[in-house]
Amino acid sequence: MNKAKQIRDQTLSALPFKSFFVSMLTHDIKLEDAILDLLDNCVDGILRSKKQDGNMPYKGFLAEIEFKPDLFSISDNCGGIPWNLRDYAFRMGRAHDFEPDVLGSLGVYGIGMKRAIFKIGRYCLISTRNDKDQYEVEIPKTWFDDESDWNLPVRSARRSLETDGTTVIVGNLNPGIAEQFVDEKMFKTGLERMISTNYAYIIDKGFEVKINGDPVKPRTTKIVFHMPSREEIPGIRPYIFKTTADGVDIFLTVGFTRPIPSQSEILDEQESIRYSSIDAGWTVLCNDRAVLYCDRSEMTGWGEAGVPRYHTQFIAISGIVEFCSDDARKLPTTTTKRGIDASSPLYLQIKNKMREGMRIFTDYTNKWKGREDESKKQIQRGARLSLTEIKTESQRLTFNATKRSIPPGDLYKPELPLPSIIEPMKRRISFVKEAAKIKKVAQYFGDSDMEPSEVGEKCFDTIYGEAVK
Amino acid sequence: MSGPPYHLRANKAADRFALIEAIRRLHKLGVELEEYTYYGLGGAYLEDMRLLYEYCPEIAMISIEEKLEIFKRQNFHLPCGTLRLENCSVKSHIAQYEPNDKKSIFWLDYTELHYECFDDFITLLTKLVIGSMIKITLRADPRDYWYKSRRIQKEKAEKFRTEFDTLLPRQFVDLPRQYEDFAYLVQQMLEIASQQALPARANPLTFFPISSFYYSDGTWMFTLIGVIWPRNDKVVVEGAFGDWEFANLTWARPKLIDIPDLSTKERLHLQQYLPCSSPRGVTLRAKLEYLIDEDIPKTESALEQYAAFHRYFPYFLRGIP
């Protein structure tokens with residue numbers, strides 16, 4: 001047997017291969033999420049710039065996203081990258097003893113900007129101005145090819161920025177990215193939808209985001225709030241719970257956003273190709289950022305502990321739960337910040353309250369089945385309020401302190417109107433007919449826009465009139 | 001749908017002729033017309049098939065009709081032996097459609113505006129082979145969403161947004177009120193639908209627009225013609241259709257078809273001056289020597305429309321059967 005060669009004592013390099021590092025960093029992140037990471041940096045910049053107090057703390061701050069088949073850029077006026085934060089901004093990851101410099105920062109792990117840039121392309125120019133610091137960092141294509149060089153050149157800004165802010169330009173787009181930008185309208189529609197939901201509450205509070213020149217409108221949830229002259233009169237108002245736990249302020253509200261659907265509407269929805277419930281369900285905010293938008297799954301309590309699984313019958317029910325903390329690490333989000341950590345003890349406790357609130361409104365829809373028209377009048381009496389407006393209006397309500405619940409807090413449970421008892425001798429008539437025939441009969445009655453249920457009822461009343469003559 | 005009988009609608013007739021013109025140009029892509037099969041929703045009188053047989057008899061045709069009584073009526077009006085009738089819904093037909101490497105021309109002639117129409121369009125685009133053509137016609141009448149009650153108007157806009165959420169180019173609060181703007185919105189939705197069906201990162205083929213119009217014969221409609229071709233070969237499509245007067249190869253705003261009411265005598269009189277140089281409306285007004293609308297600008301605009309579409313506008317004459 002041959003004798004094995006002995007390798008003498010020496011050292012091995014365990015330095016990461018740049019190409020491996022870059023590909024692992026970007027492998028599982030979608031392009032849209034990478035762009036949201038860049039927006040998160042804008043928001044961190046706003047927090048660093050000391051955003052204003054009041055209802056519009058992000059007013060005056062702007063991020064402009066531009067994309068073409070060969071280029072991507074994002075420019076903002078959100079304060080720029082201070083020179084003393086260069087390590088956090090440009091090194092991969094962050095030091096173990098690094099403390100966030102801003103309260104409430106969304107960024108925790110120090111990889112968002114780099115990951116986004118590497119996802120999009122192989123050339124980048126970052127120009128930034130922060131108070132007295134103004135500089136540029138260029139990542140040329142050759143940097144990716146040189147395994148030994150982990151340094152990035154910094155130079156004085158060649159083009160002076162007018163305000164404190166940052167511009168990131170990415171070129172030499174990666175395969176697959178350029179093709180997504182080629183489908184400009186489709187990509188813009190999808191990105192706009194993502195930003196309008198994820199950033200709904202930040203945009204609603206004044207932050208401006210533009211995509212190729214077009215401003216993004218926020219998609220916020222508005223809940224019906226009817227405040228009669230006396231609070232004890234039953235009215236359509238949301239369930240509200242608020243508390244502070246371990247440095248996290250929590251505000252939860254759930255209610256109706258619109259009248260409950262009629263039986264024919266539910267049937268139409270079930271036969272339709274597209275689910276139109278896009279605005280129903282729970283939105284979870286962490287430091288103003290929506291980490292779950294209109295969720296209708298077990299993640300937010302549907303189908304658990306007495307709450308029915310989501311169904312078109314509940315299309316009118318929406319809730320918002322807001323978590324705010326100066327320390328983002330205490331928020332119940334996943335590492336990607338794009339979802340909820342379902343195992344977070346804090347979130348599990350709040351989920352109990354979410355379910356409790358939902359049961360009140362799912363129960364209402366069951367009680368008013370078949371009497372949706374009456375219910376519609378009640379719901380239309382109330383105004384649809386934003387989260388900020390609900391917080392303001394709710395100050396007029398009487399809350400109960402729940403000391404023994406976990407977590408303890410202040411609770412408002414609305415007393416919703418109950419239907420008067422239906423005479424036992426009434427029966428429901430329900431049947432299915434061809435849509436074209438229903439329209440024909442509606443035209444015969446002189447109104448082609450009649451709802452199918454109205455057509456059925458009029459047919460019955462007409463024939464009944466004949467029958468009793 | 002309100003308006004004159006289907007086969008007597010002037011603007012629709014012009015739109016139909018535009019399709020024939022586009023089909024006749026397909027050979028410039030380097031293909032043969034006999035390779036194609038035409039699929040349409042011919043209606044009781046099979047008007048588009050009758051016309052196609054006149055101009056392109058080499059194309060095999062299939063009519064799709066869901067309603068049994070209209071199917072029977074179609075059987076009565078068969079214009080030729082190369083037309084096959086099928087009694088089924090469009091959705092069902094598209095679901096079962098297999099190109100088997102053969103080129104097709106589809107006219108999805110809808111009378112309403114529903115998400116299902118876009119779904120059919122997307123499904124079909126994913127199946128069609130290179131060189132195939134699709135024409136899609138949709139209801140695009142902003143008056144459907146005008147209500148005196150601001151609350152109902154907002155509800156209708158909200159319902160529209162919810163139904164077409166994934167296709168809207170921009171979020172909006174109010175729907176466009178102008179006919180052209182509404183037609184352009186529908187066009188942009190079709191553009192997005194085509195990108196969803198044939199995304200650049202996954203498909204070397206794309207849907208190139210050829211032409212688009214909006215018109216009314218009582219109800220405002222939008223119509224788009226396009227062809228499936230390799231996205232890196234746009235120059236071939238431009239070569240085939242670029243010199244066509246009605247080409248829209250860049251997803252620009254749709255053109256209006258609004259042919260004025262002229263008597264046969266007036267049309268025959270103007271015929272001798274066509275084609276004429278621009279501005280055509282001014283030239284023709286001078287030949288008529290009177291106004292056909294409220295004022296000079298409206299008359300010239302109407303006559304410009306006539307000059308543009310006169311070759312596509314049939315003569316409706318009373319015949320002795």
Side-chain angles (χ1 to χ4, degrees), chain A residues 31 69 173-197 200 203 210-220 222 257-259 265 268-269 271-280 294 315 376 380 383-384 434-436 439 443 448-449, chain B residues 1-2 66-67 69-70 91 111-112 114-123 144 147 149 151-152 154-156 158-174 185 187-204 206-207 209 231-232 234 251:
Chain A
L31 173 59
L173 302 184
N174 290 329
I177 302 299
E179 283 85 351
Q180 289 190 64
F181 290 168
V182 160
D183 291 331
E184 189 258 339
K185 278 210 165 57
M186 178 176 75
F187 183 75
K188 183 168 172 280
T189 295
L191 182 63
E192 188 171 344
R193 199 176 326 115
M194 229 171 144
I195 294 175
S196 73
T197 52
I203 296 173
K210 290 185 181 179
I211 305 174
N212 284 0
D214 293 324
V216 176
K217 290 189 173 57
R219 286 202 202 181
T220 54
K222 292 196 176 182
T257 57
R258 45 151 281 178
E265 195 181 341
D268 285 345
E269 175 74 17
E271 288 171 1
S272 163
I273 283 178
R274 285 209 65 243
Y275 210 28
S276 67
S277 304
I278 55 166
D279 294 331
C294 294
I315 199 174
K376 187 175 180 176
Q380 284 178 339
R384 292 174 65 218
E434 284 175 41
K439 194 167 176 108
Q443 283 169 348
S448 57
D449 289 331
Chain B
M1 188 191 287
S2 57
E66 186 176 5
K67 294 179 182 150
E69 294 308 311
I70 297 180
K91 192 166 283 308
T111 55
E112 301 297 334
H114 292 306
Y115 183 83
E116 283 80 1
C117 308
F118 292 87
D119 196 57
D120 290 343
F121 178 66
I122 290 170
T123 305
D144 292 341
Y147 282 84
S149 159
R151 185 175 60 81
I152 296 179
K154 273 185 84 171
E155 279 175 15
K156 293 280 177 187
E158 182 69 23
K159 204 170 165 201
F160 186 97
R161 183 184 72 78
T162 305
E163 183 174 1
F164 299 109
D165 179 53
T166 55
L167 298 173
L168 293 176
R170 298 285 336 279
Q171 296 157 44
F172 55 82
V173 175
D174 287 315
L185 171 63
Q187 179 177 290
Q188 291 177 88
M189 289 161 64
L190 284 167
E191 183 181 0
I192 291 169
S194 74
Q195 289 174 355
Q196 289 176 358
L198 302 169
R201 58 188 157 157
N203 205 310
T206 191
F207 176 78
R231 64 179 69 247
N232 294 333
K234 191 177 180 185
W251 296 104

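To find a chain, count down the sequence lines: A is the first, B the second, and so on, and within it residues start at 1. Being a predicted model, the structure only gives us computed values, none of them experimental.
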_Distance (rounded to the nearest 0.5 Å) between B:E191 CD and A:M186 CE_ = 11.0 Å
Specify the closest pair of heavy atoms between [X] and [Y], including all atoms of both residues, with the distance to one decimal.
X: A:R193; Y: B:T166; result: NH2-CA, 3.3 Å
X: A:D183; Y: B:P199; result: OD2-CA, 3.2 Å
X: A:T189; Y: B:D165; result: CG2-O, 4.5 Å

_With a 4.5 angstrom heavy-atom cut-off, is it the side chain or the backbone of A:R258 that approaches chain B, or both, or neither?_
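Nothing of A:R258, per the 4.5 Å heavy-atom cut-off to chain B.
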*Let me know if A:Q380 has heavy atoms under 4.5 Å from chain B in its side chain, its backbone, both or neither.*
side chain
*Under the side chain to side chain donor-acceptor pair (under 3.5 Å) test, which residues partner B:Q195, sequence neighbours left out?*
none
*Please list, chain by chain and in numerical order, all residues satisfying side chain to side chain donor-acceptor pair (under 3.5 Å) with B:D144, sequence neighbours excluded.*
B:R139
_Side chains of B:R201 and A:V182 in contact at under 4.5 Å (non-hydrogen atoms)_ = no
_Min side-chain heavy-atom separation A:D279-B:E158 under 4.5 Å_ =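 Yes; the side chains approach each other to less than 4.5 Å.
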*Applying the side chain to side chain contact (heavy atoms under 4.5 Å, CB included) test to A:K185, which of B:Q196, B:R170, B:M189, B:Q188 qualifies?*
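It is B:Q188, the one option of B:Q196, B:R170, B:M189, B:Q188 that forms the side chain to side chain contact (heavy atoms under 4.5 Å, CB included) with A:K185.
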